[in-house]
Participant: 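This is the structure I have questions about; it appears just below.
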Amino acid sequence: MSITQFSYVVRDLDAAIEHFADTFGVGPFFVLEHVPYRVCRFRGRAADIDMSVAMTYVGDMQLELVVQHNDTPSIFTEFLDKRGEGLQHVGRLVDDIASELAAFAERGIQPVQDGEAENGTLFAYLDTDTIPGSMLELFQVPPDVASAFEYMKKKAAEYRPGVDQRRR
């Protein structure tokens, strides 16, 4: 299994972007405000989660920062309540999320939060945070989102700290 994403839950997206850009010299961050969902479920129930994300790349690894704007129960609010800000999940880009979920189900591992974003991205956060550690997110993206990820990766490789904008 290859991990393709590290995702941090934060309380202030702009402060987190500034921290990662200044401390680690990474960027630019591409920000998606108030991510729209077609379907989102938390623990099997519909969830109206209002969140924004900022993404960049470090080599082939996607770095994601997540802020939730409302108090709807979610994996993000649970994490903040229990641990505060930090690495909440690692992600794996997959070609067939249904078969991946079936394989995890055979081992007794079920999604805690799942659904489909408005852009067609399918996602499932799995109940793997027992050590404690971090959850595993499986995500499957349509071709246009995959192209956007490649563009972000290209821009991150060209990024010059202190010269380029931190946020796009």
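Heavy atoms only: backbone and side chains are in, while hydrogens, waters and symmetry mates are out. This one's a predicted model, so the numbers in the text were calculated from it and none came from an experiment.
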Participant: Show the nearest heavy-atom pair for residues Q5 and M61, with the distance to one decimal.
Facilitator: N-SD, 3.4 Å

Participant: Measuring from atom CZ of R160 to atom CD of E158, what distance do you get when rounded to the nearest 0.5 angstrom?
Facilitator: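 Going from the CZ atom of R160 to the CD atom of E158 covers 9.0 Å.
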
Participant: Same cluster for L65 and I3 if Ile/Leu/Val/Met/Phe/Trp/Tyr side chains link at under 4.5 Å?
Facilitator: yes

Participant: Show the nearest heavy-atom pair for residues I97 and A124, with the distance to one decimal.
Facilitator: CD1-N, 4.0 Å

Participant: Can you check whether F104 reaches L136 side chain to side chain, under 4.5 Å on heavy atoms?
Facilitator: yes

Participant: Check for a donor-acceptor pair, side chain of S52 on one end and backbone N or O of H34 on the other, with a separation under 3.5 Å.
Facilitator: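 Answer holds: yes.
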
Participant: Indicate if F24 and L13 have the same hydrophobic cluster label, given that clusters are the connected sets of ILVMFWY residues with side-chain heavy-atom separations under 4.5 angstrom.
Facilitator: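 Looking at the clustering, L13 is in the same group as F24.
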
Participant: Give every residue pair that meets the salt bridge (Lys or Arg N to Asp or Glu O under 4.0 Å) criterion with at least one member in residues 111-124, sequence neighbours excluded.
Facilitator: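 Qualifying pairs, neighbours excluded: R38-E116, R38-E118, R41-D114.
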
Participant: Would you say V39 ends up clustered with L122 if hydrophobic residues are merged whenever their side chains have heavy atoms under 4.5 Å apart, either directly or through other cluster members?
Facilitator: no

Participant: Taking C-beta and beyond as the side chain, do Q88 and R83 meet within less than 4.5 Å on heavy atoms?
Facilitator: no

Participant: Can you name the side chain to side chain donor-acceptor pair (under 3.5 Å) partners of E150, sequence neighbours left out?
Facilitator: K153

Participant: Measuring from atom CE of M51 to atom NE2 of H69, what distance do you get when rounded to the nearest 0.5 angstrom?
Facilitator: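 Output value for this atom pair is 8.5 Å.
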
Participant: Can you tell me how far OH of Y8 sits from CG of L63, rounded to the nearest 0.5 angstrom?
Facilitator: 6.5 Å

Participant: Quick one, N119 and D144 - any side-chain contact, counting heavy atoms below 4.5 Å?
Facilitator: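 No, their side chains stay 4.5 Å or more apart.
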
Participant: Can you give the donor-acceptor pairs under 3.5 Å from side chains of residues 71-79 to other protein atoms, not counting sequence neighbours?
Facilitator:
unit_1, atom_1, unit_2, atom_2, d
T72, OG1, D48, O, 3.0
T72, OG1, N70, ND2, 3.2
S74, OG, Q68, OE1, 2.5
S74, OG, F76, N, 3.1
S74, OG, T77, N, 3.1
T77, OG1, S74, N, 2.9
T77, OG1, S74, O, 3.1
E78, OE1, R43, NH2, 2.8
E78, OE2, R43, NE, 3.3
E78, OE2, R43, NH2, 3.2

Participant: Answer yes or no: is there a side-chain heavy-atom contact under 4.5 Å between L87 and S7?
Facilitator: no

Participant: If you compare all heavy atoms of A16 against all heavy atoms of V10, which two are closest, and at what distance to 0.1 Å?
Facilitator: CB-CG1, 3.7 Å

Participant: Where do E100 and L138 come nearest, in terms of heavy atoms and distance?
Facilitator: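 Closest pair (atom of E100, atom of L138, distance): CB-CD1, 3.7 Å.
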
Participant: By side chain to side chain donor-acceptor pair (under 3.5 Å), which residues pair with D96, not counting sequence neighbours?
Facilitator: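 Side chain to side chain donor-acceptor pair (under 3.5 Å) check on D96 returns S99.
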
Participant: Measure the shortest side-chain to side-chain distance between F42 and V112 over non-hydrogen atoms and say whether it is less than 4.5 angstrom.
Facilitator: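 The answer is yes; the side chains approach within 4.5 Å.
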
Participant: Not counting sequence neighbours, which residues clear side chain to side chain donor-acceptor pair (under 3.5 Å) with Q140? List them please.
Facilitator: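 By the side chain to side chain donor-acceptor pair (under 3.5 Å) rule, Q140 matches no residue at all.
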
Participant: What is the minimum heavy-atom distance between L80 and R11, and which atoms define it?
Facilitator: O-NH2, 3.7 Å

Participant: Could I get the full list of side chain to side chain contact (heavy atoms under 4.5 Å, CB included) partners for L93, not counting sequence neighbours?
Facilitator: T4, F139, V141

Participant: Just jot down the side chain to side chain donor-acceptor pair (under 3.5 Å) partners of E85, sequence neighbours excluded, or say none.
Facilitator: none

Participant: How many angstroms lie between atom CG of L101 and atom CD of Q110, to the nearest 0.5 angstrom?
Facilitator: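 Separation between the atoms: 8.5 Å.
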
Participant: Say you draw a straight line from CZ of F149 to CZ of F30; how long is it, rounded to the nearest 0.5 Å?
Facilitator: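 Result: 11.5 Å between the selected atoms.
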
Participant: Output all residues satisfying ring pair (Phe, Tyr, Trp, His ring centres under 6.0 Å) with F123, sequence neighbours left out; order by chain, then residue number.
Facilitator: Y37, Y125

